[in-house]
Amino acid sequence: MLNMRKTLASLSIALAFTAGSAMADQATLDALNAAGIPMTAEQADAVLAAQGEQIADAVAAVVAANPAQAAAIVAAAVSAAPEQATAIIAAAVAAAPEQAVAITEAGNKAAKAASRTISIPTDSTPSSSGAGGNSASPN
């Protein structure tokens, strides 16, 4: 019974990782389509099939085919896959070096917009020494 639970837990974790990867690739393709980026069927398939850092290579191929739209392509791709922002920007600049400034600006702006930061006000954060913020001691 214990082995069965371990197996089910392992399969659930593996499925979660696989589903997340597939959804991220679909999100990149959807973002490029929503931005109106023209792609061949082969380019769309490459974006959809890409995993991890392969996304940057697939996006670079789209940039190389559409250098005038490089900034829009990078912005859409980074918005969909912000964890790959650095790789996407670098690959896009290599594919269309004449668009380097526009690519970098668009990629950085999209990465900033996609980031989700959590800020905790320092005046209400307790510290272990008891000197932090306006919080009362639990004792």
Side-chain angles (χ1 to χ4, degrees):
M1 183 71 163
L2 182 59
N3 285 338
M4 184 180 201
R5 286 184 189 167
K6 286 182 181 179
T7 301
L8 287 175
S10 297
L11 289 174
S12 296
I13 291 169
L15 181 60
F17 283 125
T18 302
S21 176
M23 288 178 7
D25 302 334
Q26 183 66 53
T28 303
L29 181 60
D30 290 346
L32 292 169
N33 285 328
I37 305 303
M39 290 181 285
T40 65
E42 291 81 15
Q43 290 168 332
D45 288 345
V47 171
L48 186 60
Q51 295 181 15
E53 291 185 16
Q54 295 171 339
I55 294 171
D57 294 335
V59 170
V62 177
V63 167
N66 303 293
Q69 293 184 300
I73 295 166
V74 169
V78 169
S79 295
E83 68 283 354
Q84 296 297 326
T86 302
I88 290 170
I89 293 168
V93 167
E98 67 283 358
Q99 298 291 331
V101 173
I103 290 168
T104 304
E105 288 175 356
N108 287 332
K109 184 176 179 181
K112 185 176 180 181
S115 70
R116 294 176 185 94
T117 58
I118 300 171
S119 61
I120 300 172
T122 57
D123 65 335
S124 64
T125 306
S127 69
S128 61
S129 65
N134 296 328
S135 64
S137 172
N139 293 337

dist Gln51:CD -> Gln84:CD (nearest 0.5 Å) comes out at 11.0 Å

Worksheet item: Should Asp25 and Val47 count as side-chain neighbours, where that means a heavy-atom distance under 4.5 Å?
Response: no

Rounded to the nearest 0.5 Å, the OG1 atom of Thr28 sits from the CD1 atom of Ile88 at a distance of 6.0 Å

Next on the checklist: Within a 6.0 Å radius of atom CD on Glu98, are there more than 12 heavy atoms belonging to other residues, nucleotides or ligands?
Outcome noted: yes

| task | Examine distances only and state if a side-chain atom of Gln43 and a backbone atom of Thr40 form a donor-acceptor pair shorter than 3.5 Å. | result | yes

Can you list, pair by pair, the side-chain donor-acceptor contacts under 3.5 Å of residues 61-68, counting residues two or more places apart and other chains?
residue, atom, partner, partner atom, Å
Asn66, ND2, Pro38, O, 3.1
Asn66, ND2, Val62, O, 3.2

CG (Asn108) and CD1 (Ile103) are apart, to the nearest 0.5 Å, by 11.5 Å

Open item on the list: Could you tell me if the side chain of Ile55 sits less than 4.5 Å from the side chain of Val59, heavy atoms only?
Closed with: yes

Show me the donor-acceptor pairs within less than 3.5 Å that the side chains of residues 71-82 make with the rest of the protein, sequence neighbours left out.
residue, atom, partner, partner atom, Å
Ser79, OG, Ala75, O, 2.8

Value for CD (Gln99) from CD (Glu105), rounded to nearest 0.5 Å, stands at 11.0 Å

Minimal heavy-atom distance between Ala92 and Ala60, with the atoms involved, is N-CB, 4.4 Å

